[in-house]
Amino acid sequence: MSIAWNIHTYTQLPSTQDYVRELAEEGLPEGTVVQAMTQTKGRGRQGRNWISPLGNLYMSFILQPNCTPAVAGQISFVAALAVSAAIDEVIAPGYKKTLKWPNDILIDGKKCAGILIESILDKKNQLRALAVGIGVNILSTPEHAIGLQQVGKGDQIPIHPFRDLLLSHISAYYNHWKDKGFSDIRNHWLAQAHGRDGPVRVTLSDGVFEGIFKDLDKDGALVVTLPDGTERRVNAGDVFFDI
Ligand code: BTN
């Protein structure tokens, strides 16, 4: 069944992610969406800021996948595929869209969208909800990034219809994941993966290593082959391709 989205739109918020987390803690259900036209304290992965001027999509929503926190990590690939599918509907031919592990969406190698997924646990450390935050550059483009309007078919890309398009793809991929598991999601993601079979540098909290990006394992970890032929799996960290 499609998710019944209940969308709350604000002119400005500190962060849709922080607000949707509060709503999840208060018990609001799956499908609750918070959107802001600008954010004053937008957050990215790994504690970075997400600069959020007018003209782009900033939204966060609640999912309740009823699984362990470890399995819920797969949702980041579900969300990346949904963003990718929505972009496919507005992008002009000739641009190359790729998915950079774990969940950035690139167009011609430049970041167009980012996804931040956070778990909300109950007192027994069971997953109560996921807060899924998505930022998509449409009109306003940070340095070194790209916006959809630059690569669109020439028409305006209005924010709210793009949001609705994206939510419909989230519903479809989420239902597929719930019904069929991670295997198809993994394969679809790999088919669009950025830098597969190419060199990669991984920065972890305890050091840096380089190797070849070979695969995504059955849990969503990046599989890197090291120069000595051994494999290393990466669950978190910053990954740099094109080194
Ligand atoms: C990334 O680092 O790539 C993830 C960026 C996620 C940004 C979105 S914008 C909507 C939501 N609210 C936030 O504060 N962050 C996420």
Side-chain angles (χ1 to χ4, degrees), residues 17 43-50 65 67-85 87-88 95-119 121 125 127 130-137 142-146 173-174 176-177 180-243:
Q17 192 72 2
R43 297 192 286 110
R45 290 177 54 244
Q46 311 212 315
R48 296 192 188 98
N49 294 329
W50 188 262
C67 62
T68 62
V71 171
Q74 297 171 2
I75 295 290
S76 82
F77 301 94
V78 169
L81 286 177
V83 176
S84 176
I87 290 176
D88 280 343
Y95 292 102
K96 186 167 167 54
K97 176 181 51 74
T98 50
L99 304 183
K100 179 179 164 239
W101 187 90
N103 49 23
D104 288 347
I105 291 83
L106 310 184
I107 295 176
D108 286 354
K110 293 180 180 166
K111 185 156 168 170
C112 173
I115 299 167
L116 175 67
I117 304 208
E118 296 174 320
S119 301
L121 303 178
N125 275 348
L127 186 70
L130 286 179
V132 181
I134 301 180
V136 183
N137 301 328
E143 212 184 341
H144 309 302
I146 197 163
Y173 277 107
Y174 183 57
H176 189 93
W177 174 78
K180 304 261 163 68
F182 186 52
S183 170
D184 288 349
I185 300 292
R186 173 179 170 275
N187 290 337
H188 285 157
W189 187 91
L190 274 171
Q192 301 180 55
H194 187 84
R196 192 169 184 198
D197 292 324
V200 63
R201 177 183 299 130
V202 181
T203 308
L204 300 170
S205 52
D206 59 351
V208 178
F209 69 91
E210 292 183 0
I212 303 293
F213 160 33
K214 275 291 172 199
D215 207 350
L216 190 67
D217 80 3
K218 63 174 181 36
D219 300 315
L222 190 76
V223 181
V224 178
T225 305
L226 303 182
D228 66 5
T230 58
E231 278 185 353
R232 189 158 170 185
R233 281 169 164 63
V234 184
N235 289 301
D238 257 339
V239 174
F240 298 95
F241 297 90
D242 309 319
I243 56 175

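Remember, predicted model here, so these are calculated numbers, not experimental data.
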Closest heavy-atom contact between [X] and [Y]?
| X | Y | result |
| --- | --- | --- |
| Ala145 | Lys111 | CB-O, 3.2 Å |
| Val83 | Ala113 | CG1-CB, 3.9 Å |
| Leu127 | Ser119 | CD1-CB, 3.6 Å |
| Ala72 | Cys67 | N-SG, 3.7 Å |
| Asp104 | Gly114 | OD1-CA, 4.3 Å |

Is the side chain of [X] donor-acceptor paired with the backbone N or O of [Y] at a distance under 3.5 Å, no angle test?
| X | Y | answer |
| --- | --- | --- |
| Arg201 | Val208 | no |
| Asp228 | Thr230 | yes |
| Arg196 | Lys214 | yes |

*side chain to side chain donor-acceptor pair (under 3.5 Å) partners of residues 67-85, not counting sequence neighbours, each pair once*: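 Every pair satisfying side chain to side chain donor-acceptor pair (under 3.5 Å) with a residue in residues 67-85: Gln74-Trp177, Ser84-Lys97, Ser84-Gln192.
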
*Could you walk me through whether Trp50 and Leu116 pass the side chain to side chain contact (heavy atoms under 4.5 Å, CB included) test, one step at a time?*
CA-CA 10 Å; Trp50 188 262; Leu116 175 67; over 6 Å; no

*Does Asp217 have any salt bridge (charged side-chain N to carboxylate O under 4.0 Å, His left out) partners at least two apart in sequence or in another chain, and if so, which?*
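Here the qualifying residues are Arg233.
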
Between [atom1] of [X] and [atom2] of [Y], what distance do you get to the nearest 0.5 Å?
| X | Y | atom1 | atom2 | result |
| --- | --- | --- | --- | --- |
| Gln46 | Thr203 | CD | OG1 | 9.0 Å |
| Leu130 | Glu118 | CG | CD | 10.0 Å |
| Asp197 | Asp215 | CG | CG | 9.0 Å |
| Asn103 | Trp189 | CG | CH2 | 9.0 Å |
| Thr225 | Glu210 | OG1 | CD | 14.0 Å |

Sequence neighbours excluded, which residues qualify as side chain to side chain donor-acceptor pair (under 3.5 Å) partners of [X]?
| X | result |
| --- | --- |
| Asp108 | none |
| Asp206 | none |
| Asn49 | none |

*Can you name the side-chain contact (heavy atoms from CB on, under 4.5 Å) partners of Asn125, sequence neighbours left out?*
Leu121

*Specify whether His188 and Tyr173 have parallel, tilted or perpendicular ring planes, treating 30° as the upper limit for parallel and 60° as the lower limit for perpendicular.*
perpendicular

Would you indicate whether the side-chain heavy atoms of [Y] and [X] approach each other to under 4.5 Å?
| X | Y | result |
| --- | --- | --- |
| Val224 | Phe209 | yes |
| Leu99 | Leu81 | yes |
| Val200 | Trp101 | no |

*Determine, step by step, whether Ile75 and Tyr174 satisfy the side chain to side chain contact (heavy atoms under 4.5 Å, CB included) criterion, reporting the C-alpha distance in whole Å, the side-chain angles of both residues, the deciding distance to 0.1 Å, and the verdict.*
CA-CA 8 Å; Ile75 295 290; Tyr174 183 57; 3.7 Å; yes

*Let me see the working for Cys112 and Leu106 under side chain to side chain contact (heavy atoms under 4.5 Å, CB included), right down to the final yes or no.*
CA-CA 5 Å; Cys112 173; Leu106 310 184; over 6 Å; no

*Worked verdict on Val132 versus Val78 for side chain to side chain contact (heavy atoms under 4.5 Å, CB included)*: CA-CA 11 Å; Val132 181; Val78 169; over 6 Å; no

